[in-house]
There are 2 protein chains.
Amino acid sequence: MIISPRLERLRDAGYKLTTARATVLGVIETHEGHMTSAEILDEVSKRDSSIGRASVFRTLDLLTRLAIIRPTYTSGSATPTYVLMPDGHHHHIVCVQCHQTIEFEDCGLGVLSERLEAEFGVKLTGHLLEFYGVCGDCSEAGVVDDEG
Amino acid sequence: MIISPRLERLRDAGYKLTTARATVLGVIETHEGHMTSAEILDEVSKRDSSIGRASVFRTLDLLTRLAIIRPTYTSGSATPTYVLMPDGHHHHIVCVQCHQTIEFEDCGLGVLSERLEAEFGVKLTGHLLEFYGVCGDCSEAGVVDDEG
DNA sequence: ATCCGTATTGAGACATGGTATCATTTAACC
DNA sequence: GGTTAAATGATACCATGTCTCAATACGGAT
């Protein structure tokens, strides 16, 4: 079993390091990007077919609670995708036409984060920032947008 | 049918103003907060029992594409909640323990938004900012957090 | 107000995504 | 190695969302 720094965060939080958990996290870490639950199930199954469906979902839930991954919607109400938040945060732009995601790094939210912690008495461990709009390709393709 | 400014955005974008759409949006606007699809279906049905399930989901999808609402997760991999983005944006803090959400207003993301538009050649219409952490109540209740 | 063309609808069967249960296994600690 | 509680896997189950298609109703023109 490969014990990544993120996997150790499980143990630090009082959870056991099991094969199922290591495999699920391994799959997501290897892929680095958005994955649907179906893709994760499929890849986990390839690596270790003895791992059950339920454990995969349980692990996704656990990783979400620890802010290691985050489920987000790239298309309307359909299947969510799970994305790794290596340093507790993630930022992307979602094209509302073609559902492509563009990821970017700096968000400058550290200051806001600290202010919110003080203001609301919370302890923040991560964040997700999503912008919505129309990507360059879709704009060129001629898209409905008569606001201006 | 009540025609709210947001409903007019549908027509502006080339979509018809139907009873189903007006009702779904009306429900969400009245509620002002996070709603699950089940709650929306239920409330829509109360207001007009002739509106079908499929239309509700189709409308949620449409409103999402127009950045009028946004589906987000407050708990792990379970049901998403839909939240209104009155001015195209929304910000909240989610407690990873009790799933309570705390909403806040200013995010100061206008500058970043403009920079991203220039940098990636996109036209942005809205954004969602989510912070994750442990709320005051849960911290007091004694929560696992041994990072420091 | 009425007519027309087309986007949208409602119904319900269907597909998919996620969960509960419970006997069995396994990680963590000694 | 032994102990114990957390975690697992199998599977049945439930919830959430989608597809199809004939029927309907919106919006524009008259």
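Protein chains get the first letters and strands the later ones, always in sequence-line order, with residue 1 at the start of each. This one's a predicted model, so the numbers in the text were calculated from it and none came from an experiment.
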Note: with side-chain heavy atoms under 4.5 Å as the link, the other cluster members for A:Leu109 come out as A:Ile93, A:Ile102, A:Phe104, A:Leu112, A:Leu116, A:Phe120, A:Val122, A:Leu124, A:Leu129, A:Phe131, B:Ile93, B:Ile102, B:Phe104, B:Leu109, B:Leu112, B:Leu116, B:Phe120, B:Val122, B:Leu124, B:Leu129, B:Phe131

Side chain to side chain donor-acceptor pair (under 3.5 Å) pairs touching residues 107-117 of chain A, sequence neighbours excluded, are A:Arg115-B:Asp106

Across all chains, not counting sequence neighbours, the side chain to side chain donor-acceptor pair (under 3.5 Å) partners of B:Thr30 are B:Arg47

Parallel, tilted or perpendicular: which one describes the rings of B:His90 and B:His34, with boundaries at 30° and 60°? perpendicular

**Asked** Side-chain donor or acceptor of A:Arg58 under 3.5 Å from a matching atom on the base of C:dG18?
**Response** no

- Please state whether the rings of B:His91 and B:His127 are parallel, tilted or perpendicular, taking 30° and 60° as the class boundaries. tilted

Quiz item: Among side-chain atoms of B:Arg9 and B:Tyr15, is any donor-acceptor pair under 3.5 angstrom?
Solution: no

- Full working for side-chain contact (heavy atoms from CB on, under 4.5 Å) between A:Arg58 and A:Val56: CA-CA 5 Å; A:Arg58 280 187 287 236; A:Val56 173; over 6 Å; no

With the side chain defined as heavy atoms from C-beta on, B:Phe57 is closest, among D:dT16, C:dG10, C:dG17, to D:dT16

When you look at B:Thr64 and B:Arg70, which way does the side-chain contact (heavy atoms from CB on, under 4.5 Å) test go after all the steps?
CA-CA 5 Å; B:Thr64 300; B:Arg70 190 70 203 164; 3.6 Å; yes

The side chain to side chain donor-acceptor pair (under 3.5 Å) partners of B:Ser50 (sequence neighbours excluded) come to B:Asp48

Taking only N/O atoms, report every protein-nucleotides 23-28 of chain D pair under 3.5 Å with atom names and distance.
unit_1	atom_1	unit_2	atom_2	d
D:dC26	O2	B:Lys16	NZ	2.8
D:dG27	OP1	B:Leu17	N	2.8

Residue set satisfying side chain to side chain donor-acceptor pair (under 3.5 Å) with A:Ser49, at least two apart, ordered chain then number -> none

Which atom pairs link the protein and nucleotides 1-4 of chain C when you take only N or O atoms and keep those under 3.5 Å?
none

Sorted by chain and number, sequence neighbours left out, side chain to side chain donor-acceptor pair (under 3.5 Å) with A:Ser4 holds for A:Glu29

If each end axis of the helix from C:dA1-D:dT30 to C:dC30-D:dG1 is fitted on five C1' pair positions, the angle between them, to 10 degrees, is 60°

In numerical order, the residues of residues 40-56 of chain A whose heavy atoms come under 4.0 Å of DNA chain D are A:Ser50, A:Ile51, A:Gly52, A:Ala54, A:Ser55

Side-chain donor/acceptor pairs under 3.5 Å, residues 17-26 of chain A, sequence neighbours excluded:
unit_1	atom_1	unit_2	atom_2	d
A:Thr18	OG1	A:Arg21	N	3.2
A:Arg21	NH1	A:Lys16	O	2.9
A:Thr23	OG1	A:Thr19	O	2.7

